[in-house]
Amino acid sequence: MLQTLLSSVTRPAIARTPALVLLASALLLAIVVIAFLAPWVATHDPNAIQPAVRLKPASADFLLGTDSFGRDIFSRLVFGARASLLIGVVSAIAAILAGLFIGLVCGYYPSVDMLLMRVMDGLMAIPGVLLAIAFVALWGASISSVIIAIAIPEIPRVVRLARSVVLATRHEPYVEAAVTLGTPGWKIVWRHLMPNTLPSLIVQATYICASAIMLEAILSFIGAGLGSEIPTWGNMIADGRLYFQIKPSIVFIPAAVLSACVLSMNIIGDEVRDRLDPRLKKGGMRVG
Amino acid sequence: MSAEPALRISHLSLGLRGGDRRLLMDDLSLEVGEAETVCLVGESGSGKSLTALATMGLLPSAVDVRGGAISVAGDSVLDASRKRIRDMRASRMGMIFQEPMTALNPVVTIGAQIDEVLRIHTSKSARQRKGDVLEVLESVNMPDPRGAYDAYPHQLSGGQRQRAMIAMALVLKPRLLIADEPTTALDVTTQRQILSLIRDLQTRFRMGVLFITHDMGVVADIADRVVVLRHGKTVEQGEVMQILRTPAADYTRELLQAVPSLVPRAATTEDAAGPALKVSGLCKTYGASGLFSKRQKVVAAADVDFEVRPGRTLGIVGESGSGKSTVARCVMRLLKPDAGKVVVGDVDIADQPESALRDVRRRVQLVFQDPYRSLNPRLPVGESVTEGLTNYGMARQEALERARDLMQRVGLPGDSLGRYPHEFSGGQRQRIAIARALSLSPSVIVADEAVSALDVVIQKQVLDLLRDLQREMGIALLFITHDLRVAAQVCDDILVMKSGRVVEFGAPADVLQSPAHAYTRELIEAAPGRNWDFARFAPVQAAGALSDARG
């Protein structure tokens, strides 16, 4: 009671969404809409090679010019949004689901905790990019293998997060009350422990999504990602780097879109974290 | 010394900033004179703490002063600049809080924390300051002041931490000490020491003390004058004897009558039935040495024996660290005892594997201390109350039906099942927890400090409810408490524990009148307000008082 009173001394009472967050949300929303409507938004076939119009500057026909094969940069950008978002969102969901499951099990059952957590430590010791390259080398580059390759290195972090929440809440009186009511272990985990992990996992998901998009771009850039028949922002940068001196925009444009997208996701993630964290909640006050 | 009182609050009114015209504090006036103790009494939400914060100039920004004035030793607080208030805080008024562990900085030594006060407010040299700090630590009777100077808060016991807090508040010899429930988190014996320390220091430094408490027992022990608050309004104020003897307001009378007295209640008739719960030779030791560490072993329970018959109540009384909660957790099999038997009905559950416990679990249920944490905040209370029933195969609809009955049984509207825990008060939540415990029709209920977190009036209501339910359903109650007064009111037998061992066992009348063990005597001595019979508005008569009152 006193704590709540004292903590509100230092905090302003007005809660409002910062302009930056609104901007980031608008940008991300636009990218999502464009990705969904890619076939209608794009002006050309993203893979149509036209040697006659190589490296053309922006014009009415080619909104952002063409690349070294004469492909329309705007259309590739639009379709690239699809691949990047798909990979980002799906690998975030996959990493969260797998990590949540393992984390809940580790947190609640000490017998498997020791073993599984050492496996997770091992995974964390390997750089994510390296692990991803190894997976892609093993299975070949397809959307699904890239997603798996990106999701796996993210799992240990999710496991740690979920596990720490379980460890912190499993001795709460309401969990022990459930034990005394004869609630089976899986039900305690599902009903009483899992919901506590969600706020932090939702925040983590936005970060994973952003970093997955980055990782995909890195894989494409070093040639371990998707082939250029599937346009992604990463392989657009990779394809363009040889012509960087002739036409810098060929790299800058996809790079700028990539950065903006990742930055937006991180900004939104921060905002979600602030809103879900009761300690950072603004203006709330109880008088006792 | 000036003629100005240490604290004068006149016509203080507080409200929520931008809120409606409802007042959090309505026209409070009080005075604390030199070397005088004024107790501010009331239940939670009465505005006690808000008064303390207003005096310290620490009001939350959401709270608005609607009128009135506060002056400390003649200096106005409410219209003083921030800098002025900072200066006043250490030199004219000091404050101590309920929980010294959170009020002290955990990563700075005690000495450095007190030194900081001197460094900011005086221009003394480092050597002088150290001398002053050691002197003040000595004056609060800190054992080994030099050791404490270099100790971190976690290295001290709760009582020592509170001494350190008091030392910090007093190092500049303020005119006014504000104590906000400073002993609520402490054991009774420690509470007694701290209270007498505050008394001592007060006469020595001739300072005024504004003492905030909800415990009338404490009031009877230390107050000169009393102000009773309720919902931000002053119910009554006056000399302590006048309030205790002839309370004018109904609310004060209710507050006084709710104070559990050390006079035991009439014994219930012995039940012939066999014990519902029988514990024998129970042992539990914490801190086995691991692979890399060798921790000190702590004996939490050594050779504990007792039994509880249906319809009867056994109280386990002890201070923190006595092992009483360990016993409760072993009985619940939330902990596995190292040795001994825990027989529920006719099954020994001490040694059973987790999978075999399912059937027994429903026969022993637990009510926890903290009603704010014992209900899952994310689930409607109906889900919590029906959880046990559906676990044992009852259909959802039927379980909800039963939950509705249970809610009515514990005095809550049956249609409140869809609401969430935060929509209920502490007392109501404890009722819900009781309904949940009853849902499986247990033969034994373990109440682990089940009423310690509640205001006295609510405490009495919950205790009455427990007693009614017990009588009606023939439940054996294991009542765990640190408060001998509550135990005296509730129990048929009392078992006193210290450091994991049973030091005394017997009927309340015997234990309280002729305690055999020195520790029990110490507990009785330390019970706040033990010399006052609150229900009769008179002092407890000296000799034979207990037996007279019992008849």
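Computed over heavy atoms, backbone and side chain alike; hydrogens, waters and symmetry mates excluded. Every chain is numbered from 1, with letters handed out A, B, ... down the list of sequences.
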(message) Apply side chain to side chain donor-acceptor pair (under 3.5 Å) to residues B:N376 and A:R191 and explain how you reach the verdict.
(response) CA-CA 9 Å; B:N376 188 338; A:R191 255 168 88 99; over 6 Å; no
Between [X] and [Y], what is the shortest heavy-atom contact and its length?
{"X": "B:Q365", "Y": "A:T180", "answer": "NE2-O, 2.9 Å"}
{"X": "B:R361", "Y": "A:G182", "answer": "CD-N, 4.3 Å"}
{"X": "A:P173", "Y": "B:S374", "answer": "CB-CA, 3.7 Å"}

(request) Could you tell me whether the side chain of B:D370 reaches within less than 4.5 Å of the side chain of A:E172, counting heavy atoms only? (result) no
(message) Quick one: does any side-chain atom of B:N391 pair with a main-chain N or O of A:L181 as donor and acceptor, under 3.5 Å?
(response) yes
(message) Using only atom types and a distance under 3.5 Å, with no angle test, would you say the side chain of B:E387 pairs donor to acceptor with the backbone of A:T183?
(response) no
Other residues, nucleotides, ligands: >12 heavy atoms within 6.0 Å of [X] [atom1]:
{"X": "A:R160", "atom1": "CZ", "answer": "no"}
{"X": "A:M214", "atom1": "CE", "answer": "no"}
{"X": "A:R118", "atom1": "CZ", "answer": "yes"}
{"X": "A:F101", "atom1": "CZ", "answer": "no"}

(request) Flag the one option from B:L366, B:D359, B:L375, B:V367 with the top tally of heavy-atom pairs under 4.5 Å to chain A. (result) B:L375
So which part of [X] gets closer than 4.5 Å to some heavy atom of chain A, the side chain, the backbone, both or neither?
{"X": "B:E383", "result": "both"}
{"X": "B:R333", "result": "neither"}
{"X": "B:L379", "result": "side chain"}

(request) Look up atom CZ in B:R378 and atom OH in A:Y174, then write down how far apart they are to the nearest 0.5 Å. (result)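 Reported to 0.5 Å precision, the distance equals 6.5 Å.
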(message) I need the B:R373 CZ to A:H171 NE2 distance, nearest 0.5 Å.
(response) 11.5 Å
(request) Check the pair B:R329 / A:E176 against side chain to side chain contact (heavy atoms under 4.5 Å, CB included), numbers first and verdict last. (result) CA-CA 10 Å; B:R329 296 169 68 83; A:E176 298 198 324; 2.8 Å; yes
